[in-house]
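The model shown is predicted, which means the values in this text are computed figures rather than measured ones.
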Amino acid sequence: PGTARPGESIIESYSLIAGPLKIPGVTSNASGLTFNSEAGTLVVFLDEPPSLVELALQGPDGLEPSLKRVIRLDGFEDTEGVAHIGGKLYAVVEERRATAALLSIDDNADAVTRPSNADMGDVAIDKGTNQGLEGLALSGDAQASADYQYLLTIREKRPPGVFRMSFRAYDGADWATTETLSWPLCDLADLSGVYAHRPSGHVFMLSHESKTVVEYDNEQKEVGRLSLRAGGTDPRALWRYQKGRGDHNGYCQRETVYLQ
């Protein structure tokens with residue numbers, strides 16, 4: 001959908017149509033997910049061994065993902081979040097090191113090497129913990145410019161937290177600032193994923209332990225929830241939700257969101 005009206009929820013009009021979907025070539029350790037809208041592929045992040053798995057969406061309504069390639073991540077440790085920035089550029093985070101990196105991944109690449117520390121973005125939280133940085137999303141922040149863009153990243157727990165990182169991509173990366181955001185996480189026991197819907201400015205927080213997705217508007221107010229408790233399912237699996245809406249001619253347009 002496009003821009004939402006104040007107080008209007010986007011996610012509450014979605015319903016489960018399939019899931020969990022088997023991720024080809026992956027048996028365990030899937031820890032992040034991003035959609036490359038330019039290539040029409042899903043990219044799944046594995047934390048052990050660190051790698052990216054790119055999936056082509058095939059079959060009716062994209063319900064039959066197929067393995068396109070596996071990209072090895074050399075030098076990375078405990079990778080937990082991935083976001084497609086645009087073109088060949090991706091951002092990733094490492095949980096225990098509390099760092100972020102920009103990666104340029106060519107179409108035929110099968111391995112990517114971790115940048116030097118000078119090209120890494122850093123979040124000032126305790127290092128070495130297994131409850132550190134967990135997810136990553138390209139923000140639709142109104143302050144973003146042609147020079148700088150913003151990423152949202154989250155701390156899993158103790159306590160859960162939200163951070164915004166500004167960066168400029170060129171031949172390497174320039175990480176300008178990292179700030180802690182005051183975010184009303186209310187009753188969420190932990191944070192395990194984050195997604196920013198750029199047209200509306202809404203942000204979606206996934207909680208593994210609370211088994212829910214919470215939607216916030218561009219003023220960080222909660223406007224919707226989606227429960228993932230049906231059937232005792234694990235929200236870290238790959239699910240496909242679809243929303244139908246009428247356009248001005250009365251036709252139904254469908255949009256899809258994948259949750260990992």
Side-chain angles (χ1 to χ4, degrees), residues 16-37 39-59 62-85 90-97 99-101 103 105 109-112 114 130-138 151-157 160 189-196 204-213 226 228-241 256-260:
L16 179 66
I17 64 169
L21 305 179
K22 182 176 177 57
I23 306 175
V26 177
T27 58
S28 62
N29 294 321
S31 61
L33 178 73
T34 190
F35 180 60
N36 183 332
S37 60
T41 59
L42 284 173
V43 177
V44 179
F45 214 176
L46 307 186
D47 62 355
E48 187 61 41
S51 54
L52 294 173
V53 177
E54 187 173 16
L55 305 174
L57 301 178
Q58 299 178 336
L63 292 178
E64 299 173 8
S66 63
L67 181 63
K68 185 176 180 180
R69 61 173 170 166
V70 177
I71 304 164
R72 190 179 71 251
L73 299 177
D74 294 334
F76 285 86
E77 178 183 294
D78 198 16
T79 48
E80 287 288 348
V82 59
H84 180 240
I85 305 302
Y90 291 82
V92 301
V93 291
E94 298 171 294
E95 181 172 18
R96 294 178 186 273
R97 289 172 170 166
T99 56
L103 305 179
I105 303 177
D110 59 8
V112 178
R114 185 181 187 268
N130 194 38
Q131 296 176 342
L133 298 185
E134 190 73 16
L136 190 67
L138 181 64
L151 287 167
L152 292 177
T153 188
I154 53 176
R155 179 172 51 204
E156 183 177 2
K157 59 193 317 182
D190 74 337
L191 293 177
S192 55
V194 58
Y195 170 74
F204 302 84
M205 299 288 184
L206 172 64
S207 173
H208 168 214
E209 295 184 10
S210 299
K211 292 183 171 58
T212 190
V213 180
L226 182 67
L228 303 176
R229 291 184 179 275
T233 55
D234 187 339
R236 290 173 297 179
L238 183 63
W239 296 81
R240 185 175 189 273
Y241 288 80
T256 299
V257 59
Y258 289 84
L259 299 178
Q260 184 275 332

Check step by step if side chain to side chain contact (heavy atoms under 4.5 Å, CB included) holds for Ile85 and Leu151.
CA-CA 9 Å; Ile85 305 302; Leu151 287 167; 3.9 Å; yes
Roughly how far apart are Leu55 CG and Arg69 CZ, rounded to 0.5 Å?
11.5 Å
Please determine which of Val213, Leu206, Thr212 meets the side-chain contact (heavy atoms from CB on, under 4.5 Å) test together with Ser210.
Thr212
A side-chain contact here means heavy atoms from C-beta on lying under 4.5 Å apart; do Leu52 and Phe45 qualify?
yes
Please answer whether the main-chain N or O of Lys157 pairs with a side-chain N or O of Asp190 as donor and acceptor at a distance below 3.5 Å.
no
Side-chain donor/acceptor of Asp74 to backbone N/O of Ala111, under 3.5 Å:
no
Which heavy atom of Ala137 sits nearest a heavy atom of Ala196, and at what distance?
CB-N, 3.8 Å
Smallest separation among heavy atoms of Gly135 and Thr153, with atom names
O-OG1, 2.7 Å
Between Pro24 and Pro65, what is the shortest heavy-atom contact and its length?
CG-O, 3.0 Å
Closest approach of Ser51 to Val70 (non-hydrogen atoms, all atoms of both residues):
CB-CG1, 4.3 Å
Could you tell me the separation between the NZ atom of Lys68 and the CD atom of Gln58, rounded to the nearest 0.5 Å?
10.0 Å
Could you report the tightest heavy-atom contact between Phe76 and Pro50, atom names first, then the distance?
O-CG, 3.6 Å
Could you walk me through whether Thr99 and Arg114 pass side chain to side chain contact (heavy atoms under 4.5 Å, CB included), step by step?
CA-CA 11 Å; Thr99 56; Arg114 185 181 187 268; 3.8 Å; yes
Sequence neighbours excluded, the answer for side chain to side chain donor-acceptor pair (under 3.5 Å) partners of Thr41 is Glu54
Intermediate values then yes/no, side chain to side chain contact (heavy atoms under 4.5 Å, CB included), Tyr195 and Leu33
CA-CA 10 Å; Tyr195 170 74; Leu33 178 73; over 6 Å; no
Distance-only, no hydrogens or angles: does the Thr34 side chain make a donor-acceptor pair with backbone N or O of Val43 under 3.5 Å?
no
Any Thr79 side-chain heavy atom under 4.5 Å of Glu94 side chain
yes
Closest non-hydrogen atoms of Glu134 and Leu191, given as atom of the first, atom of the second and distance, are CG-O, 3.6 Å
Paired with Val93, the side-chain contact (heavy atoms from CB on, under 4.5 Å) test is passed by just one of Val82, Leu136, Ile154, namely Leu136
